[in-house]
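For reference, the structure is listed below as structure tokens.
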Amino acid sequence: MDITLIKGHGSGNDFLIIDEITNGYSFSESERAELAKLLCNREGELGADGILYVINSKNADGRMRVFNADGSEASMCGNGLRLVARYVCELKGLDEAVIETMKANLKVSRKPEIYDGVPTYQVEISPVLFELSALPLNLDQPTLLNEKIEELSDDLMFTALAVPNPHLVAIVTAGQLEGNLQKELSEKVNGPNELFPDGVNVSFVKPLESGAIYVRTFERGVGFTNACGTAMSASSLVTCLQGLNKLETSIQVYNNGGKVHCIVHQQDGKYRIDLIGNATYLYNAAISVDLSGATFTVSRKEELSEQQTYEKLQGEVQEYLSTTLKG
Ligand SMILES: N[C@@H](CCC[C@H](N)C(=O)O)C(=O)O
């Protein structure tokens, strides 16, 4: 099969965007999963954290389906939604749109550039659920709010929430960011285990200056990524719940691939988060895929220049983190 695609990233969390709206592809469910495993493999010519399928929607401007690099489907993807927001808005000539995702129709809009030359989009992260059944997390209690999980760590305090994909968040010290602690416990809860039967995205959050945090995430279905948009949103909310940040106020969220802004809203007892950040395209490509042989060839790859500007932002972020993260 012949496929055209765009490779892009949000905070260095990179995706292959495949447009099923205008290209008329009719992939089966297993083909979508197999394509994710084949094309996202970092040893191949493309490589990515996942595939974003952009599909026609009956009740929104477009629909996003997200497949992780291991072929599993996720209910939501914050960094990916910014890319799909850009794709659908540019395709349809819109400044704002509604995108259907697995569990909710979400508002997206184009925003002033966070950094000169960096296309910037705001996406809604919602619904937010604390019931452990929403992740699921098998503990004999209804919620987990800044509490220990004996099986995972003697001293870390975790909060579990679904936004609506599942997240486990711990606020940590600089020392706890070092070493293998996050990797070991993330591999445990993303392998066969009784606690999280569907796996979970695991974030370590380090408060920086007032109004700023650093978030590192081990993603379900992928491993460590440069950033995870839903994780940064969930982590911002957790810092508000713990009095480290304020509701309705922009929080600067630093990550290994850049920086986003999150604003946590509370209305009628429910939370919703605005995630604002880059939607950068790297290249357009055309490929020819043989799924039965699990091979593909790239017939065209057209690099775009946007990344050069993004790298300036990323350079500044890395410099800032090199001085603030240790404290
Ligand atoms: N990187 C994404 C989340 C992708 C899905 C996640 N790995 C899951 O399985 O829930 C983001 O930016 O939110």
Side-chain angles (χ1 to χ4, degrees), residues 7-17 32-33 36-37 40 42 47-54 64-87 99 101-104 106 108 120-129 134-137 160-169 182-183 186-187 189-191 193 196-203 205 215-238 253-262 272-280:
K7 180 159 180 185
H9 74 85
S11 283
N13 190 195
D14 58 355
F15 297 95
L16 305 172
I17 305 163
R32 288 198 184 91
K37 286 195 265 187
C40 294
R42 295 275 176 200
D49 293 326
I51 294 188
L52 306 167
Y53 294 97
V54 185
M64 171 180 84
R65 287 187 68 183
V66 190
F67 282 73
N68 290 315
D70 72 352
S72 59
E73 183 171 10
S75 56
M76 180 47 186
C77 175
N79 292 327
L81 185 57
R82 296 203 307 278
L83 288 166
V84 171
R86 173 177 174 184
Y87 189 83
I99 306 293
T101 63
M102 188 190 283
K103 297 201 173 154
L106 299 171
V108 303
T120 301
Y121 280 79
Q122 172 174 312
V123 301
E124 175 187 354
I125 305 294
S126 148
V128 175
L129 305 159
L135 284 93
L137 166 52
L161 67 169
V163 297
N165 59 339
H167 290 271
L168 186 66
V169 177
Q182 186 178 8
K183 183 169 186 282
S186 302
E187 284 175 347
V189 291
N190 282 288
N193 79 102
F196 294 92
D198 296 347
V200 66
N201 300 290
V202 181
S203 294
V205 181
V215 180
R216 185 178 67 194
T217 305
F218 184 104
E219 282 194 44
R220 174 178 72 161
V222 192
F224 279 113
T225 56
N226 282 319
C228 173
T230 44
M232 294 188 285
S233 307
S235 301
S236 295
L237 169 52
V238 170
V253 186
Y254 289 84
N255 54 66
N256 286 341
K259 175 180 146 175
V260 298
H261 301 171
C262 287
R272 158 178 71 80
I273 303 131
D274 294 334
L275 169 67
I276 303 146
N278 75 299
T280 301

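All ligand and atom numbering here is 1-based and tracks the order in the structure. Remember, predicted model here, so these are calculated numbers, not experimental data.
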Between [X] and [Y], do the side chains contain an N or O donor and an N or O acceptor separated by less than 3.5 Å?
X      : Y      : value
Asp49  : Thr225 : no
His167 : Ser203 : no
Ser186 : Asn190 : no

Please identify each residue that fulfils side-chain contact (heavy atoms from CB on, under 4.5 Å) with Ile17, with sequence neighbours left out.
-> Ile6, Leu52, Val54, Leu83, Tyr87, Tyr281

Pairing residues for Ala227 by the side-chain contact (heavy atoms from CB on, under 4.5 Å) criterion, not counting sequence neighbours |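 With neighbours one apart ignored, the set is Ser11, Asn79, Met232, Asn255.
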
Dump all N/O pairs between ligand 1 and the protein below 3.5 Å as a table: atom names plus distance, one pair per row.
from     : atom 1 : to     : atom 2 : distance (Å)
ligand 1 : 1 (N)  : Asn13  : OD1    : 2.7
ligand 1 : 1 (N)  : Glu219 : OE1    : 2.9
ligand 1 : 1 (N)  : Glu219 : OE2    : 2.9
ligand 1 : 7 (N)  : Asn68  : OD1    : 3.1
ligand 1 : 7 (N)  : Asn201 : OD1    : 3.3
ligand 1 : 7 (N)  : Glu219 : OE1    : 2.9
ligand 1 : 7 (N)  : Arg220 : O      : 2.9
ligand 1 : 9 (O)  : Asn68  : ND2    : 2.9
ligand 1 : 9 (O)  : Arg220 : NE     : 2.8
ligand 1 : 9 (O)  : Arg220 : NH2    : 3.2
ligand 1 : 10 (O) : Asn165 : ND2    : 3.0
ligand 1 : 10 (O) : Asn201 : ND2    : 2.9
ligand 1 : 10 (O) : Arg220 : NH2    : 3.1
ligand 1 : 12 (O) : Asn13  : OD1    : 3.3
ligand 1 : 12 (O) : Gly78  : N      : 3.4
ligand 1 : 12 (O) : Asn79  : N      : 2.9
ligand 1 : 12 (O) : Asn79  : ND2    : 3.4
ligand 1 : 12 (O) : Gly229 : N      : 2.6
ligand 1 : 13 (O) : Gly78  : N      : 2.8
ligand 1 : 13 (O) : Gly229 : N      : 3.4
ligand 1 : 13 (O) : Thr230 : N      : 2.8
ligand 1 : 13 (O) : Thr230 : OG1    : 2.6

List in chain and number order the residues that pass side-chain hydrogen bond (donor to acceptor under 3.5 Å, both in side chains) with Glu124, two or more places apart in sequence or in another chain; answer none if no residue qualifies.
->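 Result, side-chain hydrogen bond (donor to acceptor under 3.5 Å, both in side chains) vs Glu124: none returned.
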
